[in-house]
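All remarks here apply to the structure that follows.
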Amino acid sequence: MRIQVNKDRLLYHLLIAQKALSTKTPNPALQGIRLDVGDNELVITTSNSDISIRVTLEDDALEIEKTGSILVPGKYFIDIVRKLDGQVVSMTEGEDNLLRIEADRSDITLNLLDLEDYPNLQFKETDSPLEINARTLKSIIRQTAFATSSLENRPILTGVNVAIDGEDLKAIATDSYRLSQKRISLPESYDPTDVIIPGRSLEELIKILESNQESVEVHIDQNRVLFKDNNVLFLSRLLEGNYPETDKLIPQEFPIQIKFNKEQLMTAVERAGLLSSRDGQNSIVKLDVRQDNVVEISSNSPEIGRVREEIHPVDEIVGSPLKIAFSSKYLLEALRVFNSSEVTVKFTGEIRPFIITGEFDEGMLQLILPVKTD
Amino acid sequence: MDKDRLRHAQPEALRMVRNSYERGRLSHAYIFEGDAGTMKLDAALFFAALLLCEAEEERPCGRCSACRRIEHQTHPNVLHIRSEKQQVKKESVQRLQDDFSKTALESGQKIYIIENADFMTPHAANALLKFLEEPHPDIHGILLAEDAASLLPTIRSRAQIVPFHPLPRATIETTLLEEGYEAFHARLASELKSTPEEARSLLSDERIPDMADLVETVYRALLEDDSPLLAFEARTRDLGRDRDALDTLLALFILYQKDLIYDKIENRNQIVYAEHIDTLERLAETFTLEGLIEVLERMLTLQARQRNYVNFRLAFDNILLLMERRYRHESD
């Protein structure tokens with residue numbers, strides 16, 4: 001292999017690929033970046049086994065003298081390229097599994113890893129990928145992935161369940177205490193598919209997706225999901241198993257409905273959460289719908305003190321008075337993903353889950369389980 | 001993976017594994033039980049290669065990408081849990097669960113290998129058990145253990161135990177010879193120890209050549225009308241009560257005594273102290289077979305009692321006196 005490439009272009013692509021570079025792995029081959037030089041392209045591949053990224057660099061920034069494939073030690077290679085002076089980097093594969101990197105007045109020789117040890121990654125595209133614009137895809141992920149479980153004892157809940165049926169796409173995440181669901185209508189009809197994508201994979205994906213109207217291809221098969229954004233391929237393994245039936249969890253009738261200004265509700269809950277004996281944000285706050293059409297948010301921790309907030313809902317409250325307690329963290333996290341400035345909180349009963357919807361967040365609902373108090 | 005050496009050392013274990021593979025009756029979990037150095041890990045990698053090899057015939061071929069990556073331990077479908085500080089922790093087992101909850105990076109079966117499974121912490125063992133309770137058709141586990149009895153009974157009952165026998169003596173001898181040890185020492189160590197590791201560690205004791213020489217001197221004293229007892233006492237003063245050293249020394253005496261018997265019954269290719277064949281022949285000529293066996297029996301009894309803190313020197317002096325008596329009686 002022997003190429004010359006624009007340093008900035010190379011670094012830009014390497015930094016995308018770096019998102020899947022493994023730093024802690026028992027498999028030393030995954031600490032490498034695979035470089036494949038074809039007739040008119042440089043393909044950069046990384047993998048931490050959960051996710052894999054393949055970036056293709058194919059433009060006039062690249063001059064190919066000899067094709068070939070190598071596995072470079074990832075961290076060192078990126079650090080070197082980042083620090084190089086000059087516009088052009090020249091890389092030559094030498095004898096004895098060495099890579100010579102020359103740029104400006106630098107001359108660096110790097111020991112290569114054994115390419116034979118690299119996994120056989122299946123960046124296979126399917127015949128009928130789903131097409132979705134990047135901005136929509138990002139917002140679906142942002143609005144659901146946060147609600148996945150971070151505990152490994154039920155691995156299936158660490159993923160986002162994506163179900164496609166015809167023109168309907170439904171994404172669901174839950175850690176069994178709260179649930180986030182987003183539904184969108186697709187411009188076309190697709191065959192039914194139901195997969196569980198690890199939440200962590202999706203959080204890495206949104207870091208490399210541009211927020212634009214360009215469409216991303218989503219190739220789903222039994223064992224993997226592949227996102228194709230122009231010259232970037234992002235591959236993730238799937239979670240195996242059956243996702244719990246969540247439809248039954250979501251109440252259908254809501255005798256009590258209150259419309260809030262989102263910011264007001266958030267700041268009130270944040271303040272109420274301040275005086276908590278529990279660690280961090282995970283404090284319990286109470287919501288009290290009073291007879292006089294005022295909502296009271298309160299918290300009480302005997303050792304520290306008490307908070308009481310009053311909020312005037314945007315609209316007349318529908319339904320009867322109610323008292324309910326919940327984790328402030330769950331409510332705040334749910335509110336944060338709304339685009340609407342006004343949200344409607346819908347209650348069924350004091351010990352039944354409640355949901356939040358927003359006028360400008362079509363197809364999204366956030367569900368939170370209440371906490372029992374005395 | 002040294003396939004030939006493995007095939008030679010553990011033919012039965014390999015046959016068991018291969019049979020269950022060929023009949024399509026793979027167990028979800030195996031316990032490879034045997035001493036250190038009985039090539040359990042090599043056999044586990046062989047098993048993984050058997051399942052993942054890309055060749056149609058003569059699997060595992062050892063040449064395809066899958067076989068080579070298994071050998072280098074870089075295959076993503078083969079998860080290898082090593083023990084840390086003599087323990088296998090719960091986090092390690094959870095890493096397995098985490099990985100197996102996802103679809104495979106590469107198609108094919110998945111194999112996990114847990115080294116020193118008998119050192120799993122109770123938490124780790126319970127996590128593994130939960131995992132074994134819901135077997136997946138494409139996942140196979142291999143637990144390497146020296147003592148399967150120390151695993152949870154509930155784990156044992158869900159796994160098939162494959163016994164690994166100590167290596168044949170000749171295999172250890174060949175290994176040591178290949179590593180450049182002297183023929184006599186390789187032979188000696190292979191007689192006394194059951195694994196190459198133990199044999200190597202025995203030979204790393206610098207006193208071994210001296211001890212072997214001492215044994216020969218003591219026996220030769222009989223021919224030269226000297227007292228074996230005095231020869232023994234004169235040379236072993238500095239060993240004092242070093243139990244390990246005295247153990248080894250006794251083992252060397254037993255080998256020599258057996259050699260005399262082999263010479264007497266003309267089974268000479270079994271002889272260890274082949275360098276001293278002249279002395280051996282002259283001694284064996286004089287002793288009666290009964291006399292030789294009697295002394296050997298006394299030595300073996302002493303060896304068995306060593307653990308009970310007998311007075312070694314006193315007991316061994318008695319044996320040497322018996323030996324001398326037997327010899328003089330016949331030569332007169």
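At most 12 non-hydrogen atoms from other residues, nucleotides or ligands lie less than 6.0 angstrom from CG of A:N242. More than 12 heavy atoms of other residues, nucleotides or ligands sit less than 6.0 Å from atom NE2 of B:H165.
Classification of A:E204 and A:K19 as a salt-bridged pair fails, no side-chain N sitting under 4.0 Å from a carboxylate O. Under a 4.0 Å N-O distance rule, the pair B:R7/B:D42 does not qualify as a salt bridge. Under 4.0 Å is where a charged nitrogen must lie from a carboxylate oxygen, and between B:D35 and B:K193 no such pair does. A salt bridge does not link A:D117 to B:R69: none of the charged side-chain nitrogens sits closer than 4.0 Å to a carboxylate oxygen. Salt bridge B:E146/B:K40: absent, no basic N to carboxylate O contact under 4.0 Å. Salt bridge annotation for A:R200-A:D50: absent, with no cationic side-chain nitrogen under 4.0 angstrom from a carboxylate oxygen.
B:R82 does not touch chain A: none of its heavy atoms, backbone or side chain, sits under 4.5 Å away. Using a 4.5 Å cut-off between heavy atoms, B:D99 touches chain A through backbone and side chain atoms alike. For B:H136, the part lying under 4.5 angstrom from a heavy atom of chain A is the side chain only.
The candidate from B:K102, B:R68, B:K130, B:R95 with the greatest count of non-hydrogen atom pairs under 4.5 Å with chain A is B:K102. Note on A:S49, A:A29, A:S236, A:S52: by heavy-atom pairs under 4.5 Å with chain B, the leading option is A:S49.
Contacts of residues 218-232 of chain A with chain B at a heavy-atom distance below 4.5 Å involve A:Q222, A:N223, A:R224, listed in sequence order.
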